[in-house]
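One structure below.
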Amino acid sequence: MPTVAYISHPDVGRHDTGWAHPEHVGRIRAIPRALRYDPELFHLLDHREARHASHEELALAHDPTYVAMVEELAEQGGARLDADTVVSAGSWAAATAGTGAVLEGLDLAFGDGARRSFCAVRPPGHHALRNGGMGFCLFGNVGVGAHYARVRHGAERVLIVDWDVHHGNGTQALVQDTNDIRFVSMHQWPWYPGTGAATDRGPHANVWNVPMEAGLAREHYVSAFLSAVDSATVGFVPDVVLLSAGFDSLAGDPLGGFTLEMDDVERLTTEMVSRAEQWCGGRLVSALEGGYAPDRLGEACVRHMRALL
Ligand SMILES: [Zn+2]
C-alpha cells in the first residue's frame with residue numbers, strides 16, 4: 001500500500017485564464033512533466049483521479065449563493081470576478097475537482113488509503129472568501145477540507161499550515177470562527193493581499209500569522225515557519241494536517257520575494273511529515289496553491305512528494 005497519493009483531475013486544466021495570466025494551465029502541466037524524470041517516484045505514488053466536490057460540500061465553508069453564482073457564470077461562458085480572478089467555461093469543473101481532490105485525500109487518510117497525499121490542483125484556493133473569489137482563487141480547497149474533516153470524519157482538531165508567499169486570507173476567513181481548527185500562515189509582508197499581521201490572531205486566537213520581509217536568508221523562513229507551527233500545537237494535537245503548498249515562496253518566483261530553494265521544500269515537508277507521524281498517524285493532505293515559474297514548480301512538487309514519502 002503506497003503511503004502517498006497523487007491526486008489530480010483532467011478538469012483542472014479546463015480553468016482557462018489565458019496564457020498572459022500568471023496562473024495559467026502550463027503550471028499544472030509542469031508537474032507530470034517533472035514527474036516523468038523521476039520514474040521511481042512515479043511508480044511509488046498512488047495515482048488517483050479526484051472527484052468533484054458537491055454543492056453541499058462547498059457549502060461547508062462557502063455561501064451557497066456564491067457557489068451557485070460560480071456555476072452559473074461558468075455555464076454562461078465565464079466572467080471576471082475581479083481584475084485577477086477569472087471564471088471560464090471550464091472553471092466550475094476545475095474548481096470543484098480542485099476541492100474534491102482535497103476531500104478525496106481526506107477520505108484516503110481517514111479510511112484505508114494513503115496516509116498522505118498531494119493534490120495537484122488549480123485554481124488555487126487560499127484567497128477565496130465565504131461569498132467571493134479573490135486572488136486567482138474560486139473555492140477554499142483547504143478551508144472546505146478542514147470543515148469536511150470535522151463533519152465527515154469526526155476530526156476534533158485540524159491544523160492548517162500555509163507556506164505560500166501570500167497570506168492565506170481566505171483560509172483564515174473560512175476557519176477562524178472554528179476554535180478547533182488552527183491556522184498558520186507565513187507570508188511576505190508587506191505584500192498582496194495586505195492582510196496577515198502578526199497581531200491578527202482571529203477572534204479566537206487560533207490563527208498564527210508570520211509576516212516576513214522579502215530577501216532574507218533562506219534559513220530565516222524555515223525556522224520562523226517551524227517555530228510558528230510548534231507554537232500553534234502546544235496543547236493541541238491535530239487529527240490531520242492540511243498543507244497549503246504554495247511554491248511561489250521559492251527564490252526567483254515572479255510573484256514573490258522569498259528565497260527558498262528545493263532543499264528547503266524537502267526540509268519543510270520532512271518536518272511536517274515527522275510532526276504528523278507523532279500527532280496523527282501521519283495524516284497529511286497537501287494542496288497546491290501558488291508557484292508561477294512552471295519549471296521550478298514542477299521540480300518543487302517532485303521534491304515535495306519525495307519528502308512526503
Ligand atoms: Zn501565492
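All ligand and atom numbering here is 1-based and tracks the order in the structure. Values reported hereafter were calculated over all heavy atoms of this structure, with side chains retained and with hydrogens, waters and symmetry mates removed.
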- Message: I'd like to know if Glu261 and Arg303 make a salt bridge, using a cut-off of under 4.0 Å between side-chain N and carboxylate O.
- Response: no

- prompt: Can you find a side-chain donor-acceptor pair between His204 and Asn206 that sits under 3.5 Å?
  reply: no

Using the ring of Trp208 (Phe, Tyr or Trp, six-membered ring only), decide whether Arg201 places NZ or CZ under 6.0 Å from its centre and within 45 degrees of its axis. yes

Only residue of His126, His127, His187 satisfying ring pair (Phe, Tyr, Trp, His ring centres under 6.0 Å) with Tyr192 is His127

Passes side chain to side chain donor-acceptor pair (under 3.5 Å), Gln172 versus His167? Steps please. CA-CA 9 Å; Gln172 177 171 337; His167 177 227; 3.1 Å; yes

Paired with Tyr6, the side-chain contact (heavy atoms from CB on, under 4.5 Å) test is passed by just one of Leu35, Leu44, Leu308, Leu41, namely Leu35

Count of protein N, O or S atoms below 2.8 Å from the Zn ion (ligand 1) equals 4

